Amino acid sequence: AHAKAVLDSVKINLEAGIELVDKQETALAKIGGKLSEIALILNQTKNPKSTDEYRGKLQSNFKESRDGIRNLAKETFDQTALFSNGPSKPITIAVPTLNSWEGVSIDRADLGQPGLQTVDKGKVFGSAPGFFLDSGSIRKAFQEWRSLCINNRLQWGLLVDRLHGISRSFNKLKKHKNWRVPHFSTKPQLGPLRRPNRNN
């Protein structure tokens, strides 16, 4: 009964972690859409046939897309922030393995990177404060965004893999096979959890 209770608790935590990563992925996809809008607006602004009046409208459109990214950056899952503005501590889920506990980490996607921050503080036209954006700054923001998307998928795969492991342990219990709750590490230099994500 104790082993089943432990597995139930870990299963719930992993499922919540997967849901968080799924929501993060959806928000990242929307941020990518806003970056595409900004790239198109910048191209239209650079068109030599564009008038200053039209460029003023494009600046307004840019602010709308940028504010959309700012709103997405505030998204949460169960009162937990999906994104950070700079380095932050990950969310860690303790998962039992054969003979130890390991900590599986979920990173808050860092939107405080140089390219994304340049877009956030940029502009495409006008005398308002801010950097004038160019194709290089947009390309840098896209590279950082793509890296966040890749990391999100890797985290999702790691969580799903651990969830499958918990399901296998449940099956052992159902077949009356032995499965014991592992002990936490008592080595102070290592801490109570192994950290497989350090080797990713």
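Predicted, not measured: the structure shown is a model, and the values here were computed from it. What's counted below: heavy atoms across the whole structure, side chains too, no hydrogens, waters or symmetry copies.
Between Asp52 and Arg55 there is a salt bridge, since a side-chain N of the basic residue sits under 4.0 Å from a carboxylate O of the acidic one. Of the charged side-chain nitrogens involved, none lies within less than 4.0 Å of a carboxylate oxygen, so that Lys23 and Glu19 do not count as a salt-bridged pair. Taking 4.0 Å as the cut-off between side-chain N and carboxylate O, Lys30 and Glu75 do not count as a salt-bridged pair.
Looking only at distances, a side-chain donor or acceptor of Gln24 sits under 3.5 Å from a matching main-chain atom of Asp107. In this structure, the side chain of Asn152 engages the main chain of Val21 through a donor-acceptor pair within 3.5 Å. Panel note: side chain Gln155, backbone Ile18; no donor-acceptor pair is recorded below 3.5 Å. Counting only distance, with no hydrogens or angles, the side chain of Ser169 and the backbone of Gly165 share a donor-acceptor pair below 3.5 Å.
For the atom pair Leu111 CG and Ile69 CD1, the distance stands at 8.5 Å (nearest 0.5 Å). Taken to the nearest 0.5 Å, the CG atom of Leu20 stands 9.5 Å off from the OG1 atom of Thr76. The CG atom of Asp120 sits 9.0 Å away from the CD1 atom of Ile38 when rounded to the nearest 0.5 Å.
In plain terms, the two heavy atoms of Leu133 and Leu42 that are nearest each other are O-CD1, 3.5 Å. Closest approach of Ala141 to Val119, counting heavy atoms only: CB-CG2, 3.7 Å. Nearest heavy atom pair, residue Arg108 against residue Ser88, reads CB-OG, 3.8 Å.
Dense packing is recorded around CD of Glu15, with more than 12 heavy atoms of other residues, nucleotides or ligands lying under 6.0 Å away. Summarising the local packing, NZ of Lys123 is surrounded by more than 12 heavy atoms from other residues, nucleotides or ligands at distances under 6.0 Å.
Hydrophobic clustering, with ILVMFWY side chains joined whenever heavy atoms are under 4.5 angstrom apart, keeps Phe131 apart from Leu35.
Within the 4.5 Å cutoff, side-chain heavy atoms of Trp145 are placed close to those of Ile31. In this structure, Ile138 and Phe142 have side chains that are in contact, with non-hydrogen atoms separated by less than 4.5 Å.
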Practice problem: Please assess Asp67 against Lys63 for the test salt bridge (Lys or Arg N to Asp or Glu O under 4.0 Å), listing each intermediate value before the final yes or no. | Solution: CA-CA 6 Å; Asp67 289 347; Lys63 288 171 67 178; over 6 Å; no
